Amino acid sequence: MSPIDLLRPLWRALPIDIHWRQRIKHWLLQGPLAGRGSRRMAVLDVPAWDSDWRVLLPPLDEPADRLLVIDWKPPTPDLDSGSFRLRLILDLLLESGLAVDFIGDREAESPDYAEALCARGIRTFVGPSAALEHLIAQGHRYRQVWISRPEVAEVYLAPVRAHAPQATVIYDTVDLHWVRFERGAAFAADPTELLERAHRYRRLELANARTADRVIAITEDERARLLQEDPRLDVRVLPNVHPVVDRAAPLSERRDLFFIGGFQHEPNVDAMQYFAAEILPLVRAELPEVRLRIVGSHMPDSVRELDSPAIEAVGYVAEVEPCFARARIFVAPLRHGAGMKGKIGQSLSQGLPVVMTRIGAEGMGLTHEQDALIADDPATFAAAVVRLYRDEVLWSRLSEAGLALMRARYSAPVVAEQLRALLTEPPAEPVAGSSPAAGTGGRPESVELRSGEDGARTASLPPRETDRRVLILGIYLPGIANHAATISRELLGSRDWEVDLRWASVGTDSSEAPADPELKALTRLHSPERVPKFVLLNRLLAEAEIERYRYLLVVDDDIELSPGFVDRFLAIQEARDFTLAQPARTHDGYTDHQFVNQLLGVESRRTRFVEIGPLFSLRRDGFASLLPFDEEAPMGWGLDFVWPVVLESQGRRLGIVDAVPVRHALRKPVSTYDYTETQTAMQAFLARRPHLTLSEACIADPTYPLTGPTAIAP
Amino acid sequence: MNRTPLISAILCTYDRAPLLARALGALCAQALGPEQFEVVLVDDGSNDDTAQVAATFAPLLDLRYVRQPNSGLAAAKNHGVCLARAPIVVFLDDDDVLDSRALERHWLSHRQDPRVETAVLGYTGLGYEQARSPLMRYVTGVGCQLFYYPSLKDGQELDFSFFWGGRSSCKRALLLEHGLFDPVFRFGAEDIELAFRLREAGLRVRYDAQAISTMIRTLSVDDFARRCVLQGRSNWVFHQRHPHKLVRAWTQVDGVESEWARIAPHYERLLASARGLDRWANARVEHDLELDPRSTELLHRAYAALFRASRIKGTVERMREERLERHGEVDRL
């Protein structure tokens with residue numbers, strides 16, 4: 001264990017808050033102390049947390065089966081239509097049997113509202129710190145998290161993703177704020193401010209929508225608008241919910257005009273000022289006794305001051321149903337705003353006909369003359385009000401049609417079904433990474449071995465009758481472990497070539513093990529003294545009629561060959577026209593030159609280098625220039641830097657065959673003779689011969705890609 | 001053969017033809033003349049238009065294009081080294097573009113320090129789009145799981161663990177004499193494993209902040225998590241090959257099995273959390289909204305946890321596979 005490992009628990013135990021922790025860590029890792037010592041080690045990951053998994057791994061035995069709703073405050077249904085809507089949605093959720101919790105970012109106007117939620121069995125948390133603490137402790141319990149409003153989503157989306165990653169996140173736009181602000185700009189004292197706000201809200205609302213798994217639009221129009229901005233979104237429509245009365249209160253008891261709205265919502269203020277100034281006088285010119293009654297929370301002075309013989313500015317009213325029951329016409333002279341107007345739905349669901357602007361009618365599927373009267377300019381609006389006020393048949397028809405529309409589209413059972421679909425249908429799969437992770441040249445999957453045609457293999461071999469003879473000469477050390485017998489069996493198993501294998505043994509056999517009889521039969525020469533390799537080879541060569549053979553192969557006794565080695569190797573040497581060739585060496589064996597290690601994707605390569613061992617193969621066209629072997633390099637060292645000069649001067653090619661490597665793992669090279677002595681001999685030898693340097697010799701050009709399966713190791 | 005070039009750029013690629021075209025384009029704009037350097041382009045078995053891209057650039061560069069069946073990054077790099085003719089080789093990635101002076105800087109740094117065992121690490125920054133990606137910024141500037149530049153100083157001498165693939169150069173002779181990449185590493189750790197062996201030969205890495213390249217690919221959370229799994233797998237193999245304390249520290253394989261036992265049931269959750277927060281961060285960046293410090297902290301924590309868990313996952317997976325291979329029986333844990 002390193003000192004750092006010992007210090008880590010201490011560091012974790014220190015009572016420092018996370019900001020200071022990060023600062024100290026940053027200073028330690030990147031400050032002046034970090035530069036101490038010139039060589040430093042890269043650490044793979046410096047975590048942004050202290051590697052304490054406890055904070056990230058919740059208990060596994062607690063299911064994610066609850067629903068969390070987050071809004072700016074506990075709903076105040078008697079104060080604003082957004083709250084009214086949310087309260088009804090909460091009721092629908094509870095009715096469907098869901099366990100529901102609620103987070104309010106701030107207190108409602110009175111603690112009663114939070115208590116009302118608790119009374120319904122909704123666990124309620126109010127304020128940002130209570131909310132965060134709850135998410136950290138219980139975030140794993142939620143199957144869905146419902147977040148209302150852009151400002152609330154901005155704060156809570158990240159913590160919800162962090163602490164409730166299993167939850168489907170539903171973002172309720174309530175209405176598209178940016179659309180509302182854009183429209184309001186034309187009527188605002190400071191349009192620039194409102195346009196800037198619209199711009200910011202557009203970005204915020206689209207970012208929120210993109211982050212959520214599912215987005216709720218309140219109308220089809222707003223759904224289309226969202227999809228037009230970002231087609232990747234999964235947008236569902238969930239309209240306002242309205243309890244619909246069975247029958248409207250009788251007309252005979254009704255009088256006057258009525259408007260209700262939360263006046264923290266600016267379009268409502270504008271609507272009242274506009275109506276009072278431009279429409280009501282026209283109405284009263286025809287119907288002098290008719291008054292307007294204005295009800296709603298947060299009524300500003302600018303609306304209160306409208307109070308007059310023509311207007312009754314009431315303000316907040318706890319029970320609003322009697323207002324709808326007593327009024328004759330609901331007016332909605334909205335000039336801007338967005339979404340679905342709760343007040344209009346509420347009025348229609350009470351059977352009270354509405355005269356409204358097109359903005360007011362938006363998103364509800366209302367048809368002029370059929371379910372309501374729609375009029376935009378003051379004169380038409382006023383005329384519609386007067387007409388509806390006087391025409392009882394029209395009044396009754398619109399009242400009935402409004403109720404029917406509300407029942408069909410916005411009643412609790414209908415919306416409950418939409419809500420169920422919205423909660424249960426699986427969200428679209430998250431957009432996963434598009435590109436493979438492998439990085440340059442790599443691929444995570446296993447090697448794909450192509451079973452296609454083996455180009456070199458199918459190249460035509462020389463005629464069997466005349467020129468398929470191979471002389472293989474090998475030297476083995478019977479006194480120590482060797483693979484000579486196995487090598488013999490493999491080489492003699494050739495199907496394509498007539499193999500003449502001859503061994504020379506060097507040194508005495510002190511082991512008790514009986515010699516392999518086959519090997520014994522193949523051993524043509526025995527030298528009790530340590531005679532250098534190439535001297536021995538020349539002695540074996542002297543006894544052979546070398547010109548009868550197409551190839552001469554020289555093998556050591558400490559290599560492992562893959563099955564079918566000779567046939568495959570020589571087929572490639574033949575196809576690539578290499579006069580001198582060697583197999584590459586596997587990566588798991590001993591290597592003298594890195595350059596000859598197997599290239600995995602390569603069949604063979606033309607090179608300027610072929611090693612003197614552990615196996616090389618010389619074609620007949622190289623016999624004259626290389627045989628007998630130059631004994632001035634007795635162990636052969638240095639020959640491999642001279643051979644390319646000799647052969648290239650005659651236009652002949654050298655190469656390494658990567659497709660059939662040999663494994664050289666039994667003995668370390670130079671384990672049976674003296675390194676320094678041989679090295680000195682090589683330098684002396686090279687000084688007298690034209691030769692290549694290592695860098696000159698170890699260049700491949702070209703390489704031939706592998707087309708058959710690789711024999712990775714014997 | 002032509003005159004020997006000053007430097008060979010070895011560029012291994014797999015299925016990234018569009019990015020490769022940009023990488024090759026940057027090679028056409030080098031301060032070094034096209035006769036002063038060569039490009040060895042090793043196509044590791046691409047299935048896309050890589051060959052056509054190579055053919056397009058062949059007349060503009062001293063470029064050799066070779067193709068091999070997909071064999072992994074280490075094998076491809078070895079292939080490139082064997083073909084290279086210059087005394088200095090620089091390893092480049094197909095998702096980076098070089099600054100016009102980058103090759104010249106690598107060459108100059110080697111001329112200043114001609115010792116065979118000195119390698120040079122260049123600087124890699126993020127492209128415009130990548131620099132906007134919260135993930136890319138995190139893995140290069142905060143968690144530093146991809147690059148570790150913030151703490152390096154120009155000219156600083158570093159140890160083997162900084163011989164980062166795709167942005168380092170060395171003398172070709174160093175590789176010929178002391179070691180090539182081990183092809184067992186198909187992705188991850190192949191560079192550091194080689195460097196660890198070269199350490200025996202006295203390898204030192206000199207940081208040249210002027211040898212600049214720019215990463216032009218943006219990884220997703222899933223990309224990077226997969227990358228960490230592969231890295232974890234390679235780490236285990238690396239550690240098995242070299243049970244040395246430096247390798248143990250670098251590969252972070254200590255205690256991974258017990259750590260994984262704790263994390264495994266939560267891995268999907270860690271993935272979901274990082275994906276969700278990354279989606280949040282990307283959505284805000286896309287709409288030019290700032291990331292507040294608290295949420296950024298949560299984002300970074302989620303990244304850190306996922307990438308750590310993924311690395312551990314890879315290490316443990318490989319470890320268990322190896323056990324299975326060894327015992328030939330189902331490992332029950």
Side-chain angles (χ1 to χ4, degrees), chain A residues 18 29-30 34-35 38-42 44-49 51 53 56-57 60 157-159 161-162 165-166 203-204 206-207 210-211 430 432-444 447-448 450 587 594-595 597 599-602 605 694-695 698-703 705-706, chain B residues 12 14 44 66-73 75-76 78-79 82-83 85 93-94 143-145 148 150-151 157-159 161-162 173 176 179-180 182-183 186-187 220 222-223 226-227 230 252 262 265-266 269 272-273 275-277 279-280 283-284 287 289 295 298 300-302 304-305 307-308:
Chain A
I18 184 90
L29 291 170
Q30 309 195 355
S38 59
R39 292 192 182 195
R40 295 187 39 232
M41 246 189 65
L44 262 184
D45 52 352
V46 183
W49 97 114
S51 304
W53 289 110
L56 292 169
L57 311 179
L60 286 167
L157 273 171
R161 286 304 195 189
Q166 75 291 337
R203 291 180 292 142
L204 173 60
L206 289 174
R210 178 74 192 123
T211 305
S434 51
S435 47
T440 306
R443 188 161 69 167
V447 194
E448 181 193 313
R450 298 182 179 205
H587 283 262
Q594 303 295 332
F595 182 69
N597 281 347
L599 293 180
L600 280 194
V602 173
R605 46 189 146 137
L694 181 73
S695 290
C698 295
I699 289 181
D701 190 23
T703 55
L706 193 67
Chain B
C12 302
Y14 175 69
D44 193 20
V66 290
R67 190 184 152 79
Q68 62 178 39
N70 186 267
S71 307
L73 192 48
N78 283 344
H79 196 167
C82 287
L83 286 160
R85 288 176 294 143
D93 277 352
D94 58 1
C144 293
Q145 291 91 338
Y148 198 69
S151 57
E157 191 178 305
L158 305 159
D159 76 354
S161 65
F162 288 87
L176 290 179
L180 285 171
D182 186 338
R186 293 182 58 82
F187 175 82
S220 70
D222 285 67
D223 286 340
R226 277 197 292 272
R227 189 188 164 94
L230 293 177
Q252 300 181 282
R262 287 188 65 194
H266 301 276
R269 179 184 171 84
S273 179
R275 274 180 186 157
L277 282 160
R279 187 164 159 171
W280 163 80
R284 290 191 66 90
H287 292 286
L289 296 165
S295 301
L298 293 174
H300 287 182
R301 189 177 74 171
F307 300 151
R308 182 185 171 93

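Side chains are part of it too, since the values below use all heavy atoms of this structure and drop only hydrogens, waters and symmetry mates. Letters A, B, ... are given to chains in the order of the sequence lines, protein chains preceding strands, and every chain is numbered from 1. Owing to the predicted nature of the structure, the values given are computational and were not obtained by experimental measurement.
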Open item on the list: Between B:His266 and A:Leu60, is there a side-chain heavy-atom distance shorter than 4.5 Å?
Closed with: yes

- [ ] Considering non-hydrogen atoms only, spot the tightest contact between A:Arg210 and B:Arg279 and give its length.
- [x] O-NE, 2.8 Å

Open item on the list: Counting heavy-atom pairs closer than 4.5 Å to chain B, which one of A:Arg605, A:Gln594, A:Arg161 comes out on top?
Closed with: A:Gln594

Open item on the list: Quick check: do B:Leu298 and A:Pro159 have side-chain heavy atoms less than 4.5 Å from each other?
Closed with: yes

Task: Euclidean distance, A:Thr211 OG1 relative to B:Arg284 CZ, rounded to 0.5 Å - done: 8.0 Å

TODO: In sequence, state the C-alpha distance, the side-chain angles, and the governing distance for B:His79 and A:Val602, and then conclude on side-chain contact (heavy atoms from CB on, under 4.5 Å).
DONE: CA-CA 8 Å; B:His79 196 167; A:Val602 173; 3.2 Å; yes

- [ ] Taking all heavy atoms of A:Leu600 and all of B:Pro183, pick out the closest pair and write down the distance.
- [x] CD1-CB, 3.5 Å

Task: Heavy-atom closest contact (B:Leu289 atom, A:Leu204 atom, distance) - done: CD1-CA, 3.7 Å

Open item on the list: Let's test your reading of the structure: which of B:Ala272, B:Ala75, B:Ala283, B:Pro265 forms the most heavy-atom pairs below 4.5 Å with chain A?
Closed with: B:Ala283

Task: Side chain to side chain, A:Thr703 and B:Cys82, heavy atoms closer than 4.5 Å - done: no

TODO: Provide the closest heavy-atom pair for A:Gly601 versus B:Ser71 in the form atom of the first, atom of the second, distance.
DONE: CA-OG, 3.2 Å

Open item on the list: On a heavy-atom basis, which atom in A:Leu157 and which in B:Trp280 lie closest, and how many Å separate them?
Closed with: CB-CD1, 4.0 Å

TODO: Indicate the atoms forming the closest heavy-atom contact of B:Ser273 with A:Ala162, along with that distance.
DONE: OG-O, 3.4 Å

